[in-house]
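Working notes for the structure below.
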Amino acid sequence: MHNPIRPYLYEIGKALGNLGYELCQQANAPEPLNIHGQVKQAVDNLCYNLHNLSADLDAYRFDLIKNAECEDASQKDIETITVAMQHLLHNSTDTHNGKRTTLAGELHKLDYIVSSIYRLMAHGAVGRQEYIFDKITEHE
């Protein structure tokens, strides 16, 4: 068995890099944004590589259980993946107003706000006061 981590990390990094490059290109272009295809492709690529990484690591785990040792991945590799997963899934950071937020929380918030904007644009601004969410300044 080969090191089950590094090839997938390369592909994950490549997918994120390609997405980042495309987002930067579109952010600097005068045309309207058209990022949904690139995001879908990146997510598909990420899921594919994460799934296969999990499968290879599960086989590696099985070898450890069966043979009590396996030299395909170092303990340092596993430690850094563990900490990276904790950061991705559970790390929180301070916002401008001293509150804590997570990556998942910000993505959910963004999903809600963009969906609300889309509905407002499609159906008009009737009842718009209920949609106001001010995250830049706090009201006294």
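Hydrogens, waters and symmetry mates are skipped; everything else that's a heavy atom, side chains included, is used.
- Within the structure, every pair that satisfies the salt bridge (charged side-chain N to carboxylate O under 4.0 Å, His left out) test and touches residues 27-55, not counting sequence neighbours, is listed here: K40-D44.
- Residue pairs satisfying the salt bridge (charged side-chain N to carboxylate O under 4.0 Å, His left out) criterion with at least one member in residues 18-27, sequence neighbours excluded, are absent.
- Contact annotation: the side chain of S54 never approaches that of H51 to less than 4.5 Å [non-hydrogen atoms, C-beta and beyond].
- With rounding to the nearest 0.5 Å, the separation of CG in L19 from CG in N45 is 10.5 Å.
- With a 4.5 Å cut-off on side-chain heavy atoms, T102 and L89 do not count as touching.
- Taking a 4.5 Å side-chain heavy-atom cut-off between Ile, Leu, Val, Met, Phe, Trp and Tyr, the cluster of Y10 contains only that residue.
- Around the CD atom of Q41, the shell of radius 6.0 Å holds no more than 12 heavy atoms that belong to other residues, nucleotides or ligands.
- A chain of hydrophobic side-chain contacts below 4.5 Å, direct or via other Ile, Leu, Val, Met, Phe, Trp or Tyr residues, connects L53 to M85.
- Qualifying side chain to side chain donor-acceptor pair (under 3.5 Å) partners for N34, counting only residues two or more places apart in sequence or in other chains: H36.
- One distance of note links CG of L103 with NE2 of H90; it measures 12.0 Å at 0.5 Å rounding.
- Under the 4.5 Å side-chain contact rule for hydrophobic residues, Y112 and M121 share a cluster.
- Side-chain contact check for T80 versus I5: every heavy-atom pair is 4.5 Å or farther apart.
- A salt bridge links D58 to R61: at least one charged side-chain nitrogen sits closer than 4.0 Å to a carboxylate oxygen.
- Note on residues 78-98: pairs passing salt bridge (charged side-chain N to carboxylate O under 4.0 Å, His left out), not counting sequence neighbours, are D94-R100.
- In summary, the side chains of N52 and Y8 do not present any donor paired with an acceptor at a separation below 3.5 Å, with no hydrogens or angles considered.
- The hydrophobic clustering, which links ILVMFWY residues whose side-chain heavy atoms are closer than 4.5 Å, places I78 and I65 apart.
- The shortest non-hydrogen separation linking A15 to A42 is O-CB, 4.3 Å.
- Counting heavy atoms of neighbouring residues, nucleotides and ligands inside a 6.0 Å radius, atom CD of Q75 does not exceed 12 of them.
- L50 belongs to a hydrophobic cluster whose remaining members, ordered by chain and number, are I12, L16, L46; membership requires side-chain heavy atoms of ILVMFWY residues under 4.5 Å apart, directly or through intermediates.
- Going from atom OG1 of T93 over to atom NZ of K99 covers 15.0 Å, rounded to the nearest 0.5 Å.
- With rounding to the nearest 0.5 angstrom, the CG atom of D77 is 8.5 Å from the OH atom of Y60.
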